Every structure is written in C-alpha cells, then in structure tokens.
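To start, the structure itself, in structure tokens.
Note on naming: letters A, B, ... go to the chains in the order of the sequence lines (proteins, then strands), and numbering restarts at 1 for each one. If you're wondering where the values come from, they're calculated on a predicted model, not measured in any experiment.
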Amino acid sequence: MVEARLSAAISEAIASLYSIDRESLQIQLQKTRREFEGDFTVVVFPYTRVSKKSPEITASEIGDYLCSHMPEVESFNVIKGFLNISLKSFYWITFLQENCSNISYGLKAPAGDSPVVVEFSSPNTNKPLHLGHIRNNLLGFSLSRILEASGNKVARVNLVNDRGIHICKSMLAWQKWGNGETPETSGTKGDHLVGKYYVIFDQHYKNEIAELVASGIEPEEAAKKAPLILEAQQMLRKWEAHDPETIRLWEMMNRWVYDGFDITYKTLGIDFDKIYYESRTYLLGKSLVNEGIEKGVFTKRSDGSVWIDLTPDGLDEKLLLRSDGTSVYMTQDMGTARQRYDEYNPSQLIYVVGNEQEYHFNVLKLVLKHLGCSWSDAIYHLSYGMVELPHGKMKSREGTVVDADDLMQEMFETAERMARELGKLESFDGDEAEKLYRIIGLGALKYFILKVDPKKNMLFNPEESVDFNGNTGPFIQYTYARIQSVMRKALELGINSDQHHDFSDYTAKIAPQEKEVLRFLHDFPSTISLAAEMHSPAVIANYAYELAGAYNRFYHDITILKEEDEAVRNFRLGLCNFAGNVISNAMWLLGIEVPERM
RNA sequence: GUCCGCGUAGCUCAGUGGAUAGAGCAGUAGCCUUCUAAGCUAUUGGUCGUAAGUUCGAUUCUUACCGCGGACACCA
C-alpha cells in the first residue's frame, strides 16, 4: 500500500528534519481534493509545533524530503498548510497493469476458523414482509458480503418467529371465518392470506373491546377480557401442550407463509445458510437461567419469577423468567446466543435488528457477561433506523404498510415504463427485456435503501416512484452497461484482451479524467475495509456512485476506441475494463446485479 | 421522568478535527450525423437546530438548551 509507505516516509521526514521521536506522530493522509493538483495530501499544521516554522516552510521541507526518499513521489505543491503530493505516472500505470483484469480486485478470500454469524430478516409468520423487512434483509445480506470480501467466513442465519400469540390470532380467525379458504382456492399468496386473517382477527377483537367498553368496562380491562383474545390464549396453551388439531392447523398455515416468503426472498435475491425456527428454540435459555440462579447473579422471587438487577450497570431490573416458569423474549435470546456460540465458535455474532431494540441487546450482552460468558463482547447489534412514510411510521393495523411484493412489482413496472419511454427496447426480446426490468427495478430499490446510513431513519414516499436518474442504482448499472458496450466493440474491432493489458510502451501523460477514475479504483480495497469496520453498506453505495460519476466524465471527455495511438487506446481500454470490474464488484457487495446492456 | 439516536440547500441524502460544506431531485440554460443522452456541462439555492467550551483549526469532539424519533412490559 502506497498510503502506508507514504505515511511512514512522512513520519520519518518529520522525525529526521526536526529531531523528534517518530513514535508519537499521527500522520493524517487524505486524498487530494479534485480542485487541487496532487494525489495525496498531508495537513501539516500539527507539525508546525515541532518544526517551529511556518506551515508553508514545514510543508516544503517535508515535500523535499519525500521527493528525495520515495521513488514513487514525483512532485509536490503547497497551499497554505496543505502539502499536495503527486505520484509518478509509472506508479499509476503499474497499478492499472497489475489489477485491471483481476476480476476479484479488492475482494479478500474468506479465511480463518471462526465465522461471523449474521442474523437478519427474522420475520413473524402472521403477516407478509413489508418495506421495513426489506431494509433489514438488504442490510443483512449486503453486510454479509462485505464481511466476506474483507476476509471473514460468514454464516447468514434467519430466526423465524413461527410461534406465539400473534400466529394463534391468524389461526383462530381462519378457523372462525375462513370457510376453508386456502392459497389455492383463493389465488392468494400464502403469507398474504395468513396476514388477511390477522387483520380480520384484529377487527373483530376491536369490536368486542368496543362493546365491552360500551357496557361500562375500562378499556384496559376490556382488552384483556374480550372473548377472542381469551380464545387465542387458549389456543396458544393447546399449541404448547402439543394438541394435534392445533399443531396441524399451525403447520398448515405456517407452510402457506413459508411458500409465500420463499417467493419474496427469491424475488429480492436473498438467501440464508441456515434457518432457525423459534418453535424449536423457544425453550432454550431456561438452563442458563438456572445456572445464573446457582451462581447467584439472578434472583428468584417468592412468586417464582427470575430477575437480574442491572441497576449497578445503569439499567433497570429485568425479568428473565415469568412466575409461571415460561420464557420471555430475553430468555430465548440468551439461549439462542449460547446455541449459536456453541455451534459456530464465531468471531462475531451480528444481529440486524431495528433500533427500537437497542435496550434489549444492551441487556442481553450484560446478562451474558454476568453469567461469565466472555464471548458476550462478540455480540454486535446492527441497529438500523426506521423507514418512515411521509405521514409517519408504517402501521400494519392502519393499513399504511408498504408491502414488499407490491413494491417490487411496482419497481419492475416503473423500470419497464422508463425503458419504453427511452426507446431502449428494440434490441431486446421478451424474456431478455423482462429480466432487464427486474435487474433495474431491483437495482433502483436496493440502492435507494442501502445508500442511506443504516443507523439513520429514512423516508420513503410511495407517491413519488423511486428515481432512475442521478444518484441511483440504475445510474451505476447504466455506467457498467456502457463499459461493456465499449468492451464488446473493442472485440469486434479485433482488439484482443491480452493486448490491452500491457502498458509497457505507454508514455503519454495521464489525463485528469483518467487519473480521477484511477484514484477511485485505487481506493476500492480500503473502502471495503471501512464498510466492514463500520458495518455500513452505505459506504460502498456512495463509493460506487462516485466511481461511476468519475467514469462517466472520463467517457464523455475522452475517446477510447477512436484513439489512434494504440498504446494510449489500450491504456484506456484497460481503465474501462478495470472500472467495469470494480463497479460490478461494488454492486455485488450490495446485492445488486449489473446488466450487460440497458 | 431517565436513557439512546437524529437535526446539513425547497425535497432526499453524502461529508467519523482541516482548504471556498458536497451530490442527486426539483428550477433555469446548454450538449446527441461522433464509443449507449438512464449520460455530460453550466447555473440558482446554506446563520451545517441554538448557545457556550476545547483546539492553530469544529458540520465533525464536550456541555447545556430547542425540535423530531425511539426505548425504559410477567409483549416480541
């Protein structure tokens, strides 16, 4: 890495010029901004303290030292306290030559025994997936790829919440009002059908509450005493007692949901290495509770409930087991964390879960720590913000959710309409065109969501369709398609690929537009590291956009195939090929496909 | 009430101590007989929520306040 060598040389320069201890030096090396000449910039203000000279003189002295001690350094200029360093052309030419045809440039191979376990998606089986789940899925899936590309083994896991009172509500409503309706007889996707009965339950339940309130009962009391909720609770008890009839109904309706989810996941392009079901894990954790009681870190109260006191940690007391001995959410999560630790021996356990559960994960980590599980530090909650609609949060009961299947369908239709309007369709047959709409529609949606910093809330306006111009997925996809078009034309002209990977006779000056692209390509490996460190696909998304923009400016200003000097033409073709590889890899990290033509 | 997060252009977002705070959308004006115009160029638009502090230097770090969101269940 030339950056590392530059940093080292700079600290060496300062140490030798001003006779101080180089260990204490922190070098701030950054990319030179586009409006100034140079490749890398050092801010020298911090060193004027030791140089006892003006920033300009300090910068010049360091610059002189670098020119005479680092063979890659060509020249420098000083503006105020900024030392802008230019590298020699041969550095950039060699960089291009060595990497332009490496299709896995920037991607490290996964290594090591301890994988990173990433849990994401984790839906409930009582309703279909919505826009919030899409953000979760895209983040989890992309993060997995980013972690892989930065050298980790990764296991992507999904913990499906397939049991509990909410599923019983759908089951009960279907039993009462379903008339034996199935996905087949209704022509409705299974998850949507089950979701429909969840809504039906809620409507009847609300009516019952209203009646009770009208008869003079307090609303809170009414919500607890309504016959429907009592019946749903009864059903849950029957489920826990393995009542065959209830289990059969449960299995049937869950099957419908899974078939529906499979379609949604497939359309979205998401998959998992392993799927866990809460029905099989919800009893885990009770033994850990007992362990905690024995160790004296948990306390059992007279009513039989078990608690941990986290007030010394600045939190509250937390219930770990109900007085009737049944599990709460925390109990299960303790158990599944332990299970996962035993199963994978992971270096990191990542949970992609919305930020409303931050407190829960803080508690989980602390509880495990108090239990003596040193690996609790390996737990990382990727806490992402809500997707908000113009009028506030999505609320399933108020019908303001943006359904995942509907949204993707709309994206495909928008992609088709745009392609038609732009007259792009002549050269595509039906199947090809259909495939292209999917690639572009999904690209637009995924990029729209992933470009936003995960921890921030984001706004989605269903009235305005997701953009296809500007800082968007299709813009980047288009850039890739253009590059492929150039490469195809090069082949047609009989320029074989071996030819344009040898730049030994390239002597021309590198144009600013070419340099700009080269500098972005140069940054790709460190961008992946940064994204992995920050657990943020947005870092990759914004990088891909900037790279595409730089390429488009290059493409606009500079001829490639019509260039008469073969060495120059080949150099530019190499640059195109390299940019295409990196755009494709960056998009792959986001889980976005790139089309060969569009 | 306590705790956590977020306030950057009309709108959606970048910018994890450095130069004149950047993109896209929207608006305006240009560029296709020339490698794909889903592109490129120019231009309009900012007291970086407010106020103090730390620093040679703060949108970035600290504190207080204001605004928005979230959490603090024998729900998940």
Side-chain angles (χ1 to χ4, degrees), chain A residues 28 30 32-33 35-36 41-46 48-49 55 79-82 84 122 124 161 164-166 278 301 303-307 314-316 318-324 326-330 332-333 354-360 362-363 383 385-386 388 390 392-393 415 418-419 421-422 424 427 440 444 448 451-453 455-461 464 466-479 481-490 493 530 534 538-539 541-542 545-546 548-549 551-563 572-573 576 597-598:
Chain A
Q28 296 178 36
Q30 50 197 258
T32 304
R33 294 167 54 152
E35 62 263 39
F36 301 101
T41 295
V42 196
V43 182
V44 300
F45 292 111
T48 54
R49 191 191 304 261
I79 298 168
K80 297 194 222 169
F82 298 88
N84 301 316
S122 308
N124 293 350
N161 184 1
I165 192 71
H166 42 288
E278 276 200 15
R301 294 190 181 166
D303 64 359
S305 60
V306 179
W307 296 75
L315 304 179
D316 298 322
K318 186 76 189 173
L319 177 84
L320 300 177
L321 205 63
R322 292 196 189 95
S323 51
D324 64 3
T326 58
S327 296
V328 288
Y329 184 39
M330 187 60 70
Q332 297 177 45
D333 261 9
N355 61 11
E356 76 270 11
Q357 292 195 31
E358 248 160 46
Y359 184 79
H360 172 78
N362 287 339
V363 171
S383 164
M386 300 290 100
E388 287 167 348
K393 273 191 80 168
M418 298 288 293
E421 280 170 12
L422 294 165
K424 296 272 183 183
S427 55
I440 295 174
F448 178 82
K451 77 170 180 192
V452 180
D453 182 348
K455 73 177 182 220
K456 289 189 178 171
N457 287 359
M458 63 176 289
L459 187 91
F460 180 84
N461 188 346
E464 306 166 8
V466 172
D467 247 310
F468 284 64
N469 300 313
N471 187 356
T472 67
F475 169 89
I476 301 166
Q477 291 172 318
Y478 176 70
T479 308
R482 274 175 141 185
I483 293 171
Q484 296 320 298
S485 175
V486 172
M487 301 317 287
R488 280 193 300 272
K489 289 246 159 62
L493 293 170
L530 183 66
M534 295 178 66
V539 170
N542 288 300
Y545 172 65
E546 289 187 306
Y551 180 84
N552 280 326
R553 284 186 290 274
F554 156 76
Y555 179 88
H556 180 267
D557 293 351
I558 291 176
T559 57
I560 302 160
L561 294 169
K562 292 196 170 125
E563 170 59 46
R572 291 177 185 162
L573 273 172
C576 290
R597 296 189 295 145
M598 72 183 269

So [X], base contact, sugar-phosphate only, or nothing? Heavy-atom distance under 4.0 Å.
X        : answer
A/Tyr359 : sugar-phosphate
A/Thr41  : base
A/Asn84  : base
A/Leu530 : base
A/Leu321 : nothing
A/Glu35  : nothing
A/Ile558 : base
A/Glu546 : nothing

Between [N] ([atom2]) and [X] ([atom1]): distance, integer Å:
X        : N      : atom1 : atom2 : result
A/Glu421 : B/rA38 : CD    : C1'   : 11 Å
A/Phe45  : B/rA19 : CZ    : P     : 10 Å
A/Met386 : B/rG5  : CE    : C1'   : 11 Å
A/Asn161 : B/rC75 : CG    : P     : 14 Å
A/Asn552 : B/rA37 : CG    : P     : 10 Å
A/Met418 : B/rU36 : CE    : C1'   : 15 Å

Nearest to the side chain of [X], heavy atoms from C-beta on, is which of [options]?
X        : options                : answer
A/Ala481 : B/rU36, B/rC35, B/rA38 : B/rU36
A/Tyr555 : B/rU36, B/rA38, B/rA19 : B/rU36
A/Leu422 : B/rA38, B/rC4, B/rC40  : B/rA38
A/Pro46  : B/rC40, B/rU36, B/rC56 : B/rC56
A/Tyr478 : B/rG70, B/rC56, B/rA38 : B/rA38
A/Asp467 : B/rA19, B/rC25, B/rA38 : B/rC25

Q: Spell out yes or no: do the side chain of A/Ser323 and the base of B/rC74 have one donor N/O and one acceptor N/O closer than 3.5 Å?
A: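 Between B/rC74 and A/Ser323, which were checked side chain against base, a qualifying N/O pair under 3.5 Å is present.
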
Q: Examine the base of B/rU36 for any acceptor or donor lying under 3.5 Å from a partner atom in the side chain of A/Lys424, and report the outcome as yes or no.
A: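 Yes, a donor-acceptor pair under 3.5 Å.
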
Q | Aromatic ring of A/Phe36 stacked on base six-ring of B/rA19, 5.5 Å, 30° | A |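 Answer is yes, a stack.
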
Q. Is the ring of A/Phe82 stacked on the base of B/rA19, with centres less than 5.5 Å apart and planes under 30° off?
A.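 Whether judged by distance or by angle, A/Phe82 passes, so it stacks on the base of B/rA19.
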
Looking at [X], I'd like to know whether one of its side-chain N or O atoms comes within less than 4.0 Å of OP1 or OP2 on [N].
X        : N      : value
A/Arg482 : B/rA37 : yes
A/Lys455 : B/rC6  : yes
A/Arg322 : B/rA76 : yes
A/Tyr329 : B/rA76 : no
A/Arg33  : B/rG22 : yes

(Q) Under 3.5 Å for both donor-acceptor distances, Watson-Crick or wobble: does B/rC68 have a partner, and if so which one? (A)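 Partner of B/rC68: B/rG5.
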
Q | Nucleic acid footprint by protein, nucleotides 7-15 of chain B - heavy-atom cut-off 4.0 Å, B for base, S for sugar-phosphate alone | A | S----SSS-

State, without any angle test, whether [X] and [Y] hold a side-chain donor-acceptor pair at a distance under 3.5 Å.
X        : Y        : value
A/Thr41  : A/Gln30  : no
A/Arg301 : A/Ser305 : no
A/Thr479 : A/Asn552 : yes
A/Tyr551 : A/Glu546 : no

